[in-house]
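Here is the structure we will look at, set down as C-alpha cells.
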Amino acid sequence: MVYRGIDISKSSFVAAYPSTNGNPTKTFPNTTAGMRELIGTLAVAEHHCVMEATSNYGCCCTCYIRTVLPSVLPPPPPQKKQIKHFSRMMMPVTKTDEKDAYMIAMYGEKMNPPIYKMPSQATIRILTTEGFTYFDNAKQLSRFIGICPTYQQSRTSVNIREHINRNDDERLRSLLYIAFWTALRYNSRECYIRLKANEKPFKVALIAVTNKLVRPVLTITTINSIYRWICPG
C-alpha cells in the first residue's frame, strides 16, 4: 500500500507522492476542481491518503476522497498530535507545506494508521445530542451546536453584535457547513438569494440557512416522522 500525505489549508492543499525516485509534491486549490484533480492521481487498489487538516478546511476534501477510496484520514485529536510529534522526532531542518505533506505521508508508511470510518451526518447529530432529547425547541439546539448569534447590550453605551457563540460541537458545525452548500442547490436556495439581495454578508446568510436546516432535523426526529421534500415548481 502506498501512502499519500495531504497538508490542507483554507485556499489550497499540498499532496506528497514519496517514491524511490524522490519526494515530489503538488499543490491543488482547495476547491471542487482541485479535489477532482487530486482524485485523478489516486488509484483505488494502490493508494491510501493521510490528511492533517487545519480547522474544518479538510471536510469537503474528505468527502470527495471517500467517493473513490477508503482513505486513511486521522481524526483529531489523538492522531493529529501523533503526526505533529512524529514530525518533530524526524528533526527536519525546514518547515513548509511541502515538507509537512511529506512528513504526513511518512507517518502513514511507518505507523500504518487505521482506516477512518466517516459516520453519516444524521448519525453524528443524533449521537451528539442523544436523540435530541435535551432540547425543547430549535433555538436550544442551535445554541448547543454553536450557531446562535450573540450580542452585548447595556443601556445606551454598549450595543454590540458579535459572532456566533461556537460553544460546543465544532465537528457538528463543520458537517452543517457541508450541508449548507447542498441546501443552496435545493431547498434553501431562495432563502440565500433573498438574504444576499438584501446585502447581507455571506457569513450572515450562511448562519441563517444553517439554522433553517436545524429546524426540520429536530422536528423530524422528535415526532418520529419521515422527511418528504417537495421540489418547488
Side-chain angles (χ1 to χ4, degrees), residues 8-13 28-39 53-68 118-126 128-129 132 135-153 159-233:
I8 196 162
S9 62
K10 181 178 180 180
S11 59
S12 63
F13 58 90
F28 303 87
N30 193 4
T31 62
T32 54
M35 294 168 198
R36 292 193 187 100
E37 187 179 355
L38 168 68
I39 289 173
T54 303
S55 185
N56 299 319
Y57 300 141
C59 294
C60 290
C61 192
T62 301
C63 294
Y64 266 86
I65 295 176
R66 287 288 295 181
T67 63
V68 178
M118 186 171 62
S120 67
Q121 295 185 18
T123 300
I124 291 178
R125 288 171 184 158
I126 292 172
T128 303
T129 61
F132 300 115
F135 314 109
D136 297 323
N137 53 62
K139 290 183 178 180
Q140 293 178 354
L141 178 57
S142 295
R143 186 180 185 280
F144 171 81
I145 296 171
I147 56 174
C148 178
T150 61
Y151 66 92
Q152 298 180 21
Q153 183 177 8
N159 188 8
I160 304 173
R161 290 187 177 272
E162 296 188 341
H163 304 288
I164 56 175
N165 57 328
R166 296 188 180 91
N167 278 346
D168 193 75
D169 200 329
E170 179 180 350
R171 188 178 185 185
L172 188 53
R173 285 197 302 274
S174 68
L175 290 173
L176 285 171
Y177 178 75
I178 296 174
F180 160 80
W181 290 105
T182 303
L184 288 188
R185 298 169 55 190
Y186 299 102
N187 51 327
S188 297
R189 182 174 179 80
E190 293 182 359
C191 174
Y192 177 79
I193 292 175
R194 184 177 67 253
L195 290 168
K196 293 299 292 182
N198 292 331
E199 298 183 353
K200 296 294 184 181
F202 168 75
K203 288 186 177 180
V204 173
L206 185 155
I207 295 302
V209 171
T210 304
N211 273 288
K212 190 175 181 180
L213 293 176
V214 167
R215 295 178 182 274
V217 171
L218 177 63
T219 302
I220 293 164
T221 307
T222 53
I223 67 176
N224 194 25
S225 179
I226 298 175
Y227 178 65
R228 295 182 177 87
W229 179 66
I230 301 176
C231 181

Between V209 and A183, the two heavy atoms sitting closest are CG1-CB, 4.3 Å
When rounded to the nearest 0.5 Å, the distance separating CD1 of I207 from CG of L195 is 12.0 Å
With sequence neighbours left out, the residues meeting side chain to side chain donor-acceptor pair (under 3.5 Å) with Q140 are none
**Q.** Check: N137 side chain, K139 main-chain N or O, donor-acceptor pair, under 3.5 Å
**A.** yes
side-chain contact (heavy atoms from CB on, under 4.5 Å) filter on K212, not counting sequence neighbours, yields S188, C191
Across all chains, not counting sequence neighbours, the side-chain contact (heavy atoms from CB on, under 4.5 Å) partners of I193 are R189
Heavy-atom closest pair (P201 atom, K196 atom, distance to 0.1 Å) is C-NZ, 4.1 Å
Sequence neighbours excluded, the answer for side-chain contact (heavy atoms from CB on, under 4.5 Å) partners of T32 is R36, Y64
_Whether the side chain of N30 engages the backbone of F13 through a donor-acceptor N/O pair (distance < 3.5 Å, no angle test) should be reported._
no
